[in-house]
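Single-structure report; data block below.
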Amino acid sequence: MGKRTLIIRSNQISPDSRVEKEAAALKEYSNDVKILAWDRRDNHRPSEESIVVFGQTVPIVRCGHKANFGDGLKSLKSYLLFQKDIFKHLIKNRKRYDVIHACDFDTAFTATVANLFLKKKFIFDIFDYIGGERKTRTQKILCGLQNWIINRADATIICTEDRKKQISRSNPKKTVVVHNSPPRIEVANTALKESIKPVKVCYVGILQDYRLLKEIPEFFISHPEFEFHIGGFGKYEALYKELSEKHSNIIFYGSLQYQDTLKLESECDVMLAIYDPALENHIFAAPNKFYEGLMIGKPLIMVKGTGMSAIIEQYDLGETIEYSMEGFEQGMLNIAERRNQWPEISERMQSVYNLFSWDEMKLRLKALYETI
């Protein structure tokens with residue numbers, strides 16, 4: 001293949017499992033890969049270093065503009081400064097890459113504008129298609145702009161087959177589905193025996209709204225027979241740090257690298273992938289936690305009607321719930337009562353993982369790069 005690729009992402013890649021997996025896969029197939037990232041942790045000039053992702057060393061340039069996830073318009077100034085960095089980097093380094101691989105609208109719009117002049121090969125990698133509800137004028141504009149990017153891109157990557165519905169008003173030149181599966185990694189699967197308590201529940205991800213993260217601590221506070229092991233970063237970091245200091249069955253780990261995330265998940269018993277179905281992106285979600293649960297073999301709690309929940313129901317891989325505290329509590333009690341079924345569920349999950357294996361996803365990515 002031998003293409004020089006610049007991947008652009010609007011977070012610091014610390015971690016970002018999808019970007020890390022794709023970068024490692026491209027390196028494995030003899031591509032020269034670099035990442036341009038928005039470091040929201042502090043203000044600083046663009047700085048370059050190398051990171052090791054799945055055994056591959058990848059250079060990364062981080063542009064520092066302090067902002068918090070979920071702050072909306074409060075982060076607008078930092079967002080615009082990062083857009084300026086994207087444009088400047090693309091123009092200044094135009095002889096150092098062949099392919100622009102832009103992740104989501106918040107990097108792809110500016111990259112597409114720059115590419116009107118640069119004429120590089122362009123891949124639009126859609127993790128989340130924003131504004132898909134099209135209820136407001138702003139949402140309609142965002143959809144129009146994303147469709148404009150798709151129409152101009154040499155290829156568009158989406159993370160589930162269902163997401164073709166979201167981009168149905170566009171005319172992509174090529175569409176490839178790359179699921180969010182983790183590479184198959186050997187982890188010690190410490191499944192709990194039926195007689196051992198407490199039930200260890202795990203969530204690692206962005207700590208933001210529309211995931212019941214503000215509400216569910218009260219369940220664990222009132223049910224000491226459960227432990228909540230939670231890691232990540234975002235809006236509710238301070239809340240969970242405080243809760244972990246007050247309650248012995250709420251354990252907060254902060255931000256975790258991907259290998260550490262998988263290790264923690266393997267040491268727990270049940271995984272959460274809870275999203276509010278009122279948001280269209282959640283209906284079409286492809287949660288990392290779903291695929292990680294399959295690979296490791298841990299029963300999942302998911303909300304009915306959100307992305308991949310139908311697979312949970314089809315193969316009986318856990319519990320699907322209503323998006324409410326009552327639904328969450330019932331789902332937790334149900335999965336705990338099914339302890340004796342956990343080994344069978346685990347076997348089914350690891351079998352279903354083969355339908356979405358990263359080995360297959362890597363081949364799709366390789367095939368795409370060979371055609372552009």
Side-chain angles (χ1 to χ4, degrees), residues 5 7-29 33-41 49-62 69 101 103-104 125 127-128 157 159 178-190 200-208 211 213 229-234 237 240 251-268 270-275 285-298 300 307-308 349-350 353 356-362 365:
T5 300
I7 300 176
I8 314 176
R9 181 66 165 139
S10 65
N11 66 46
Q12 57 263 22
I13 319 296
S14 182
D16 187 312
S17 61
R18 186 173 176 93
V19 170
E20 292 175 23
K21 288 180 296 188
E22 291 183 338
L26 292 174
K27 283 277 288 187
E28 185 179 330
Y29 294 132
V33 180
K34 178 178 275 190
I35 299 171
L36 179 65
W38 176 8
D39 188 351
R40 306 187 189 205
R41 296 168 294 189
E49 60 181 298
S50 292
I51 57 174
V52 178
V53 291
F54 299 99
Q56 301 288 340
T57 300
V58 178
I60 180 170
V61 176
R62 291 190 172 103
F69 286 91
H101 187 129
C103 304
D104 281 340
D125 199 341
F127 298 15
D128 289 302
I157 300 176
C159 50
V178 176
H179 286 273
N180 281 333
S181 311
R184 190 180 289 281
I185 298 171
E186 292 301 322
V187 288
N189 194 327
T190 55
K200 296 182 179 181
V201 181
C202 186
Y203 172 85
V204 180
I206 297 178
L207 307 177
Q208 62 185 26
R211 304 183 183 206
L213 290 173
H229 296 257
I230 178 167
F233 56 88
E237 279 185 73
Y240 275 99
I251 301 95
F252 179 55
Y253 297 84
S255 183
L256 292 171
Q257 295 301 313
Y258 195 52
Q259 291 283 117
D260 296 325
T261 294
L262 294 174
K263 182 176 185 294
L264 176 61
E265 290 169 346
S266 71
E267 292 170 349
C268 292
V270 177
M271 291 175 55
L272 303 182
I274 294 177
Y275 300 90
N288 288 322
K289 287 161 281 297
F290 165 80
Y291 299 99
E292 290 158 11
L294 294 184
M295 193 268 286
I296 297 171
K298 301 293 180 176
L300 279 153
M308 314 310 282
M349 296 185 86
Q350 291 174 338
Y353 168 83
F356 308 101
S357 76
W358 184 245
D359 286 342
E360 168 61 26
M361 298 306 118
K362 282 199 303 184
L365 198 60

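Worth knowing before you read on, the calculation uses all heavy atoms, side chains too, and leaves out hydrogens, waters and symmetry mates. Remember, it's a predicted structure, so these values are computed and weren't measured experimentally.
At least one side-chain heavy atom of K21 sits under 4.5 Å from a side-chain heavy atom of P183. Between M271 and Y203, the closest side-chain pair of non-hydrogen atoms is not below 4.5 Å. Counting only heavy atoms from C-beta outward, the side chains of V204 and H229 never approach each other to under 4.5 Å. With contacts defined as side-chain heavy-atom distances shorter than 4.5 Å, the pair F356/M308 qualifies. At least one side-chain heavy atom of D125 sits less than 4.5 Å from a side-chain heavy atom of E22. Inter-residue side-chain proximity for F290 and H179 is flagged as unmet; no heavy-atom pair is nearer than 4.5 Å. Two residues are said to be in side-chain contact when any heavy atoms from C-beta on lie closer than 4.5 Å; V33 and Q56 fail this criterion.
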Practice prompt. Please lay out, stage by stage, how I157 and R18 fare under the test side chain to side chain contact (heavy atoms under 4.5 Å, CB included).
Written response: CA-CA 12 Å; I157 300 176; R18 186 173 176 93; 3.4 Å; yes

Worksheet item: When you look at R62 and I51, which way does the side chain to side chain contact (heavy atoms under 4.5 Å, CB included) test go after all the steps?
Response: CA-CA 11 Å; R62 291 190 172 103; I51 57 174; 4.0 Å; yes

Discussion item. One pair to check against side chain to side chain contact (heavy atoms under 4.5 Å, CB included): Q12 and W38. What are the steps and the verdict?
Written reply: CA-CA 5 Å; Q12 57 263 22; W38 176 8; over 6 Å; no

Practice prompt. Could you walk me through whether E28 and K362 pass the salt bridge (Lys or Arg N to Asp or Glu O under 4.0 Å) test, one step at a time?
Written response: CA-CA 10 Å; E28 185 179 330; K362 282 199 303 184; 3.1 Å; yes

Practice prompt. Show the numbers, then the answer: is there a side chain to side chain contact (heavy atoms under 4.5 Å, CB included) between N11 and I13?
Written response: CA-CA 6 Å; N11 66 46; I13 319 296; 3.4 Å; yes

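Using modelled atom types, one side-chain atom of Y353 and one backbone atom of P182 make a donor-acceptor pair closer than 3.5 Å. Checking side-chain atoms of K289 against main-chain N and O of L300 turns up no donor-acceptor pair under 3.5 Å. Checking side-chain atoms of R40 against main-chain N and O of S10 turns up a donor-acceptor pair under 3.5 Å. For Y240 (side chain) and L213 (main-chain N/O), a donor-acceptor pair under 3.5 Å exists by modelled atom type. Judged purely by atom type and a 3.5 angstrom limit, K34 has no side-chain atom pairing as donor or acceptor with the backbone of V61. No side-chain donor-acceptor contact under 3.5 Å links N180 to the backbone of N288. Of the possible polar contacts, one joining the S255 side chain to the S14 backbone as a donor-acceptor pair under 3.5 Å is found. Listed for the Q350 side chain is a donor-acceptor partner under 3.5 Å among the backbone atoms of I296.
The two residues P15 and F233 make their nearest non-hydrogen contact at CD-CE2, 4.4 Å. For the residue pair W358 and A25, the shortest heavy atom distance occurs at CZ2-CB, 4.4 Å. Shown here for F54 and S17, the closest heavy-atom pair between the two residues is CE1-O, 4.5 Å. Annotation for G232 and E237: closest pair O-CG, 4.1 Å, computed over non-hydrogen atoms. The heavy-atom pair separating P287 from G307 by the smallest distance is CD-O, 3.8 Å. Nearest heavy atom pair, residue L207 against residue G231, reads CD2-O, 4.0 Å.
T261 OG1 to Y258 OH: the interatomic distance, rounded to the nearest 0.5 Å, is 7.5 Å. The CG atom of L262 lies 11.5 Å from the CD atom of Q257; values are rounded to the nearest 0.5 Å. If you take CG on D359 and CE on M361, they are separated by 9.5 Å, rounding to the nearest 0.5 Å. Taking CE of M295 as the start and OG of S181 as the end, the distance is 9.5 Å to the nearest 0.5 Å. For the atom pair C202 SG and I230 CD1, the distance stands at 9.0 Å (nearest 0.5 Å). Interatomic distance, I60 CD1 to R9 CZ, rounded to the nearest 0.5 Å: 11.5 Å.
The one candidate from I8, V19, D16 that meets the side chain to side chain contact (heavy atoms under 4.5 Å, CB included) condition with C103 is V19.
For the salt bridge (Lys or Arg N to Asp or Glu O under 4.0 Å) test, no residue two or more places apart in sequence or in another chain qualifies with K27.
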